[in-house]
Amino acid sequence: MKNKKTALKILRQVLGPDKITSKDEHYFKCPACGHHKRKFAVNFTKAAYHCWVCHYRGRNLRRIVRRFGSYTQLQKWDQITNRSDLERFADLFMEPERGESDQKLELPEEFVSLCTNNIPATGMYALRYLEKRGVSHADILKWKIGYCFSGEYKNRIIIPSFDHEGDVSYFIARSYTGDSYKYKNPRASKDITFNELYIDWNKDLVLVEGVFDALVAGNAAPILGSTLRKGSKLLREIVRNDTPIYIALDPDAAKKERRVIKTLLEYDVELYKIDVSGYEDVGSMPRDVFQQRKNKATFIDSDNYLLLDLLSAV
């Protein structure tokens, strides 16, 4: 990278003394796990870092400075890398926050929680459906899942979305009786970050198609069947937090996936692609298989995105 000497000086201020093993690779104490030995490798040529103890890793050195350094150190880093924080992405943040972004919803009157010890007999149908889909009791508790046995959302699983303040911002209503309309969601904006309350923006975030995919993926955000629109709340948060993204959309959504990848690359997002082939979607994938595939995810940059785009057009 350019200005390596100044960049190294800033990293030494943030991480402490280093051990040089080659021209481009330096070892520091890991800021994530705090291991007493220098096991945190930083490679300036690849702009990558990896801890050999806790496996904290990434392909964007700026994230180290942003997360563990001071505001002044981050400003200096941005000066030498020609990035002026979010000013470079002014088009993403120039729009005023819209009312939809902070919408508050009420759950259906007929909503019955599956998180209690005294579940009505009618809840057995919903529980059996969730069990068949591999949804555990821990998932039900974490995601505050319930169901409706009557009313507008009759015979549907209800999965609420909570905003950063803990208020309901949206909910998914999925039929568990084979209704021809699998989903019947509220008449409200989808420009939300689903279950923002539970997202850790400092960790890898998996972008998936739907909520049942997110249950398998862990720290994940479903894009709810739409594309990742420029100016959307989800994209703003990803860019603002420099969050590394793993994309794992359904195999039959290749065109949409390419559009999402293109948008993320425009904003310098650290991006990886997870192989979902052989499965209908992430939601149908065993969790250990998903984790294995995530560990083997392909790093995507502008060069191999163009190759991917060309190959898919053949």
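Any value given below was found using the heavy atoms of this structure, including those in side chains, with hydrogens, waters and symmetry copies removed. Since we're looking at a predicted model, the values are computed, not measured.
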Q) After noting the C-alpha distance and the side-chain angles of F290 and I274, does the key distance pass the side chain to side chain contact (heavy atoms under 4.5 Å, CB included) rule? A) CA-CA 9 Å; F290 174 79; I274 298 175; 3.8 Å; yes

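- To the nearest 0.5 Å, atom CG of residue L130 and atom CD1 of residue I145 are 5.5 Å apart.
- No chain of hydrophobic side-chain contacts below 4.5 Å, direct or via other Ile, Leu, Val, Met, Phe, Trp or Tyr residues, connects Y27 to V53.
- With rounding to the nearest 0.5 angstrom, the NZ atom of K39 is 10.5 Å from the CH2 atom of W52.
- Here the closest non-hydrogen pair linking L234 and A221 is CD1-CB, 4.0 Å.
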(Q) Under the criterion side chain to side chain contact (heavy atoms under 4.5 Å, CB included), I'd like the reasoning laid out for E257 against K273: C-alpha separation, chi angles, the key distance, then a yes or no. (A) CA-CA 10 Å; E257 184 178 71; K273 184 181 183 308; 2.9 Å; yes

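- Heavy-atom minimum distance, N60 versus D268: ND2-O, 4.4 Å.
- Shown here for Y170 and Q103, the closest heavy-atom pair between the two residues is CD1-NE2, 4.0 Å.
- Applying the 6.0 Å contact sphere to NZ of K76 captures no more than 12 heavy atoms from other residues, nucleotides or ligands.
- Of the N and O atoms on the side chains of Q292 and D288, not one donor lies less than 3.5 Å from an acceptor on the other residue.
- Residue V282 is tested with V216, V206, V289 for a side-chain contact (heavy atoms from CB on, under 4.5 Å); the sole match is V216.
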Q. When you look at N3 and T6, which way does the side-chain hydrogen bond (donor to acceptor under 3.5 Å, both in side chains) test go after all the steps?
A. CA-CA 6 Å; N3 302 308; T6 307; 5.2 Å; no

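- Looking only at side-chain heavy atoms (C-beta outward), L235 and T263 come within less than 4.5 Å of each other.
- For the pair H35/K29, no side-chain contact is recorded, criterion being any heavy-atom separation below 4.5 Å from C-beta on.
- The backbone N or O of W201 lies less than 3.5 Å from a partner atom in the side chain of T243, making a donor-acceptor pair.
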Q: List the steps, then state whether side chain to side chain contact (heavy atoms under 4.5 Å, CB included) holds for E266 with K230.
A: CA-CA 10 Å; E266 283 180 23; K230 290 182 180 180; 2.6 Å; yes

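- N219 is not listed as a side-chain neighbour of D204, based on a closest heavy-atom distance of 4.5 Å or more.
- A donor and an acceptor atom, one from each side chain of S284 and D281, are located under 3.5 Å apart.
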Q: Show your working on side chain to side chain contact (heavy atoms under 4.5 Å, CB included) between V135 and I157 and close with a plain yes or no.
A: CA-CA 12 Å; V135 178; I157 297 291; over 6 Å; no

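- When side chains are defined from C-beta on, W143 counts as touching L215, because their heavy atoms get closer than 4.5 Å.
- A cation-pi arrangement, defined by a distance under 6.0 Å to the six-membered ring centre and an angle within 45 degrees of its axis, is present between R133 and F212.
- Expressed to the nearest 0.5 Å, how far SG of C33 lies from OH of Y56 amounts to 11.0 Å.
- Although no hydrogens or angles enter the test, the distance criterion places a donor-acceptor pair under 3.5 Å between the side chain of K184 and the main chain of E152.
- Heavy atoms from other residues, nucleotides or ligands lying under 6.0 Å from CD of E131 number 12 at most.
- Here the straight-line distance linking atom CZ of R12 with atom CG of L8 works out to 3.5 Å at 0.5 Å rounding.
- Rounding to the nearest 0.5 Å places CD1 of I300 at 12.5 Å from CD of E270.
- Side-chain atoms of N43 and R59 form no donor-acceptor pair, as typed in the model, at a separation below 3.5 Å.
- In this model, no donor atom of one side chain and acceptor atom of the other lie less than 3.5 Å apart for E196 and Y198.
- Atom CD of Q13 is surrounded by more than 12 heavy atoms from other residues, nucleotides or ligands within 6.0 Å.
- In this structure, the ring of F28 has its center no less than 6.0 angstrom from the ring center of F40.
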Q) R63 and Y49: side-chain hydrogen bond (donor to acceptor under 3.5 Å, both in side chains), yes or no, with the steps? A) CA-CA 10 Å; R63 292 192 68 246; Y49 56 91; 2.9 Å; yes

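- S175 places no side-chain N or O within 3.5 Å of a backbone atom of K182 that could act as its donor or acceptor partner.
- A salt bridge links R156 to D179: one of the charged nitrogens lies within less than 4.0 Å of a carboxylate oxygen.
- Looking only at side-chain heavy atoms (C-beta outward), L249 and I223 come within less than 4.5 Å of each other.
- Between D213 and P222, the closest side-chain pair of non-hydrogen atoms is not below 4.5 Å.
- Under the 4.5 Å side-chain heavy-atom criterion for Ile, Leu, Val, Met, Phe, Trp and Tyr, L197 and F171 are members of the same hydrophobic cluster.
- Closest non-hydrogen pair, R293 versus V276, comes out as NH1-C, 3.5 Å.
- Looking only at side-chain heavy atoms (C-beta outward), R67 and N202 come within less than 4.5 Å of each other.
- When every heavy atom of D242 is checked against every heavy atom of R66, the shortest pair comes out as CB-NE, 3.6 Å.
- With hydrogens and angles disregarded, no donor-acceptor distance shorter than 3.5 Å links the side chain of D78 to the backbone of Q75.
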Name the atoms and distances for all side-chain donor-acceptor pairs under 3.5 Å in residues 104-116, with sequence neighbours left out.
{"unit_1": "K104", "atom_1": "NZ", "unit_2": "D163", "atom_2": "OD2", "d": "2.7"}
{"unit_1": "K104", "atom_1": "NZ", "unit_2": "E165", "atom_2": "OE1", "d": "3.1"}
{"unit_1": "K104", "atom_1": "NZ", "unit_2": "D167", "atom_2": "OD2", "d": "3.2"}
{"unit_1": "S113", "atom_1": "OG", "unit_2": "C115", "atom_2": "N", "d": "3.0"}

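- In the hydrophobic clustering of ILVMFWY residues, with side-chain heavy atoms under 4.5 Å counting as a link, I140 and M124 come out together.
- One hydrophobic cluster, built from ILVMFWY side chains closer than 4.5 Å, holds both Y183 and Y147.
- The closest side-chain heavy-atom distance from F194 to I199 is not below 4.5 Å.
- Rounding to the nearest 0.5 Å places CZ of R38 at 11.0 Å from CD1 of I20.
- In this structure, I261 is a member of the same hydrophobic cluster as Y267, with clusters built from ILVMFWY side-chain heavy atoms closer than 4.5 Å.
- Ring geometry, Y129 versus Y176: the interplanar angle falls from 30° to 60°, so the pair is classed tilted.
- Ion pair D139/K144 not flagged as a salt bridge, since none of the NZ, NE, NH1 or NH2 atoms sits closer than 4.0 Å to an Asp/Glu carboxylate oxygen.
- Heavy atoms only, all atoms of each residue included: Y153 and A173 are closest at CD2-CB, 3.6 Å.
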